[in-house]
Each structure stands twice: as structure tokens, then as C-alpha cells.
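Here the structure comes first, spelled out in C-alpha cells, and everything after it is commentary.
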Amino acid sequence: MSFFSNIFNPTNTESLVLIDISAGSVAGAYAHYKDGEISSLLYTRRLPIEVRNGERHELAMLRALEILGNALIKEGAPVLARATGSGRADTIFISVDAPWHETKVRTEYFERKTPFTFTKSMVATVLEKTSVTPEGKVLSDESIIGTILNGYETREPYGKKANRAALIILTSFIDEKISEGIVKILRGLFHTKNILSITGSSLRYQAMRIAFPHERDSLILDSVGQLISVALVRKNLLVAVTDVSDAARTNVDSWAKEVINEFTKLSKEHPLPRTIFLLAQEQDSSSLEQALNSAELVGLWLSDNPPKIVPVRAGHLSSSVRQVTTASPDLPLLLMALYWQHHKK
């Protein structure tokens with residue numbers, strides 16, 4: 001009975017390689033997905049980017065990436081094979097952080113005097129006409145993160161009538177030469193052409209929407225690497241995103257001052273929500289949270305009550321994805337796995 005059930009209802013499984021590239025480190029994982037089960041990271045490895053004397057930062061990153069790739073093949077593939085019966089992953093999914101990425105948010109509008117039906121073909125046409133890739137960059141991802149019909153956000157807009165509509169589009173670009181170098185190394189190691197990429201800030205914003213669907217207003221303070229990114233979310237829509245590419249963290253006090261500066265800039269144009277999600281590696285999370293609690297945040301909110309700081313940890317994602325390794329939980333890789341789970345074709 002079970003045998004014939006498996007024939008006519010085959011289990012959908014998938015394995016892939018995740019690669020996270022930040023200013024200070026590179027990380028990789030084998031992720032496995034199986035219908036009806038929690039997605040899992042079966043092997044993880046993170047390596048620092050060590051810049052040699054006189055060496056360009058991007059060359060040091062690519063060298064670390066090649067070392068990481070070899071470790072994934074030699075150490076990770078056998079782990080994947082023992083868990084799934086095959087050590088092969090046909091897809092490589094890459095997240096690239098500052099200083100090698102660029103993320104932009106734009107809004108495209110539709111308006112007519114008479115009601116019209118909002119369709120996928122309309123969206124495809126406007127994306128094709130308005131998408132512009134800056135010189136020296138490659139488009140890695142273009143995601144519709146919000147649709148507003150007649151002034152109201154809707155998750156299922158297609159086929160509905162409207163007089164006016166707006167699309168909020170999040171676009172990711174990666175430096176062209178960096179992208180070519182990354183792809184060349186990974187294709188040489190894994191012998192696959194199925195390589196997809198996205199910028200880290202775009203991915204983590206979208207993963208946070210999945211992990212915390214009821215938090216419609218928040219600041220996402222992304223400090224998983226050496227650099228800082230801040231995303232402002234209001235009514236579940238991304239309003240602004242900033243990358244502080246020249247503010248590498250030297251100590252928690254200087255980090256907190258830079259965060260306050262970014263919050264201050266945002267507060268001049270937007271009212272700030274009272275929830276702050278802090279994204280950081282687990283070993284850094286407590287000290288960064290303490291630094292924020294000690295900083296002068298209250299004045300930015302014009303209230304005696306400080307904002308709520310929520311350090312995001314692996315446990316927040318455990319109902320959807322888990323890391324089944326002896327290594328410390330790697331939040332960027334877990335968020336990558338969560339994103340892929342909800343966006344894979």
C-alpha cells in the first residue's frame with residue numbers, strides 16, 4: 001500500500017547550495033527541502049575574508065569563496081549524501097551584501113478614467129518598460145513587494161477591477177565584475193549553470209515579512225556583517241532602505257552612534273515605527289542589543305517610552321527552517337533558506 005502510494009504521490013524534495021557573501025566573511029550551506037517536513041541546513045561553514053597586504057578587497061573575497069566552495073564539496077556533499085541519498089545540489093543561490101550590491105525601491109502607477117482589470121500582463125509590460133540597470137551592474141532580482149488598488153493594499157490583485165493602482169518594486173543590482181568572478185568560481189567547482197543571486201538587504205527584508213507576518217510597522221536593522229543596513233516598513237510595505245557602506249563596525253559604541261545617525265535621517269522624512277528588529281549573528285546580538293538600549297533613542301520617537309527592540313534569533317524561524325549542525329546558528333543562511341522555501345518555483 002505504501003509502495004503504490006509513493007509511486008502515484010511522489011514526495012517533492014530539493015537540495016541546493018546557499019552562498020552568503022558579506023564585507024567580512026563568506027558562508028555556505030547545503031539546504032534540503034521535503035514536502036511535509038521542516039526545511040533543514042545539513043552543513044554550514046563560514047570563513048573570514050582575510051585581506052593580504054596590498055590586496056584588493058574583492059580579490060580577497062573571491063579567494064575566500066573558492067576555499068569555501070572546496071569545503072562544501074569535500075565536507076558538505078558527503079553530509080548531504082548521507083542525509084538524502086545524493087550529494088548533488090543542482091541549484092546555487094547567492095546572497096551578496098554591501099559593498100558589492102545596490103538595492104532600490106520604486107513605485108509605478110496605473111490610472112484610468114474608467115475601471116480596468118488588473119492583470120499579470122500589465123505588470124510584465126510596465127516592468128519591461130521601466131526597468132533600468134545602471135552601468136557596471138547586473139540585475140539580480142526584481143520583486144513586487146506591494147500592490148495597491150484604489151488606495152488599498154491587496155495580496156491578490158490580479159483579476160480585480162480598479163481605477164488606479166500602484167506597484168511597489170524592490171530591485172537588486174550587483175557589481176558586474178564581482179558577479180562574473182563569483183559565477184566563474186562556482187561554475188568551475190559545482191559544474192552547474194543554475195546559479196541565482198539576490199542582494200542581502202532585499203532577501204532579508206522579504207524573509208522578515210515571512211517570519212513576522214503580523215508586524216506591519218517596523219525598522220529592520222541589519223547588522224549581520226560588518227556594515228549597517230536599515231529598512232523602514234510601514235503598513236507592511238518597504239518605504240525606505242539605506243546601506244551605510246562606509247561605516248564598518250569597530251566597536252559597539254561607534255556602531256550605536258552610526259545607527260542613531262541613520263534613524264535620525266529617516267525620522268526627518270518619516271515617522272518611525274516602535275518596533276526595531278535587530279539582525280545580527282548570535283554571538284554579537286546581545287552586545288548590540290545592549291548598546292541600542294543604552295543609546296539615546298527615546299528622543300527620536302518623541303515619547304518617554306523607548307521602542308521595542310527584537311533581536312531575531314534562530315528560534316524565531318524554527319517552525320519553518322532549522323540548522324541541524326553542531327556549528328552555531330547562522331542567521332543569514334537561515335533567512336536565505338526561509339526565503340527560498342517561499343519563493344522557489
Side-chain angles (χ1 to χ4, degrees), residues 12-22 24-49 64-65 67-97 186 190 196 198 200-201 203-213 220 222-225 277-289 310-344:
N12 185 21
T13 65
E14 181 183 26
S15 298
L16 74 152
V17 173
L18 304 177
I19 301 287
D20 174 66
I21 300 174
S22 69
S25 66
V26 295
Y30 278 100
H32 185 66
Y33 300 86
K34 186 175 182 179
D35 285 353
E37 296 184 4
I38 295 175
S39 304
S40 56
L41 298 185
L42 302 174
Y43 172 88
T44 62
R45 181 78 179 271
R46 184 170 290 274
L47 298 174
I49 296 173
L65 178 63
I67 295 171
L68 173 70
N70 279 303
L72 284 166
I73 293 170
K74 293 177 181 178
E75 301 172 6
V79 175
L80 179 67
R82 287 194 295 270
T84 68
S86 171
R88 180 176 176 80
D90 292 323
T91 301
I92 302 174
F93 183 42
I94 312 164
S95 169
V96 181
D97 276 332
L186 295 178
F190 293 94
L196 305 174
I198 189 172
S201 56
L203 179 143
R204 289 191 281 272
Y205 156 70
Q206 295 184 69
M208 288 293 290
R209 291 180 74 187
I210 299 165
F212 299 92
I220 301 175
D222 189 340
S223 193
V224 295
F277 286 112
L278 172 60
L279 304 184
Q281 292 286 18
E282 297 237 344
Q283 64 268 24
D284 302 322
S285 183
S286 295
S287 61
L288 297 183
E289 180 188 8
V310 181
V312 180
R313 306 192 189 279
H316 289 114
L317 315 178
S318 60
S319 62
S320 300
V321 59
R322 62 185 176 182
Q323 182 174 326
V324 290
T325 71
T326 56
S328 298
D330 194 301
L331 184 62
L333 292 174
L334 287 166
L335 289 171
M336 286 188 74
L338 179 65
Y339 171 91
W340 183 267
Q341 176 178 290
H342 285 257
H343 290 81
K344 61 191 177 81

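Keep in mind that this is a model prediction, so the values were computed, not measured.
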key: Side-chain donor or acceptor of S86 paired with backbone N/O of R88 under 3.5 Å   = yes
query = Would you say Y33's side chain and A337's backbone share a donor-acceptor pair under 3.5 angstrom?
reply = yes
Nearest heavy atoms of L338 and S320, plus distance in Å = CD1-CB, 3.6 Å
task = Taking the side chain as every heavy atom from C-beta outward, state whether L42 and T84 have any atom pair closer than 4.5 Å.
result = yes
request  = Heavy atoms only: give me the nearest L331-V312 pair and the separation to one decimal.
outcome  = CD2-O, 3.6 Å
remark   = Of all heavy-atom pairs linking S201 and D97, the shortest is N-OD1, 4.0 Å
request  = Measure across L278 and S285 and return the closest heavy-atom pair with its distance rounded to 0.1 Å.
outcome  = CD2-O, 3.9 Å
key: Contact check, side chains of M336 and S95, non-hydrogen atoms, under 4.5 Å   = yes
task = Measure up the F93 and Y339 rings against each other and bin them: parallel (under 30°), tilted (30 to 60°), perpendicular (over 60°).
result = parallel
query = So which heavy atom on R45 is nearest to which on L68, and how close?
reply = O-CD1, 3.6 Å
message = Main chain of L72, side chain of Y30: is a donor-acceptor contact present, judged purely on distance under 3.5 Å?
response = yes
Polar side-chain atom of E282 near backbone of A314 as donor-acceptor pair, under 3.5 Å = yes
query = Can you check whether L41 reaches L18 side chain to side chain, under 4.5 Å on heavy atoms?
reply = yes
Stepwise side chain to side chain donor-acceptor pair (under 3.5 Å) check, S39 with Q341 = CA-CA 8 Å; S39 304; Q341 176 178 290; 2.5 Å; yes
query = L333 versus Q323: any side-chain heavy-atom pair under 4.5 Å?
reply = no
Distance-minimising heavy-atom pair for L334 and R322 = CD2-C, 4.0 Å
query = Quick one: does W340's side chain get under 4.5 Å of L196's, heavy atoms only?
reply = yes
Beyond-backbone contact of D330 with R46, side-chain heavy atoms, under 4.5 angstrom = yes
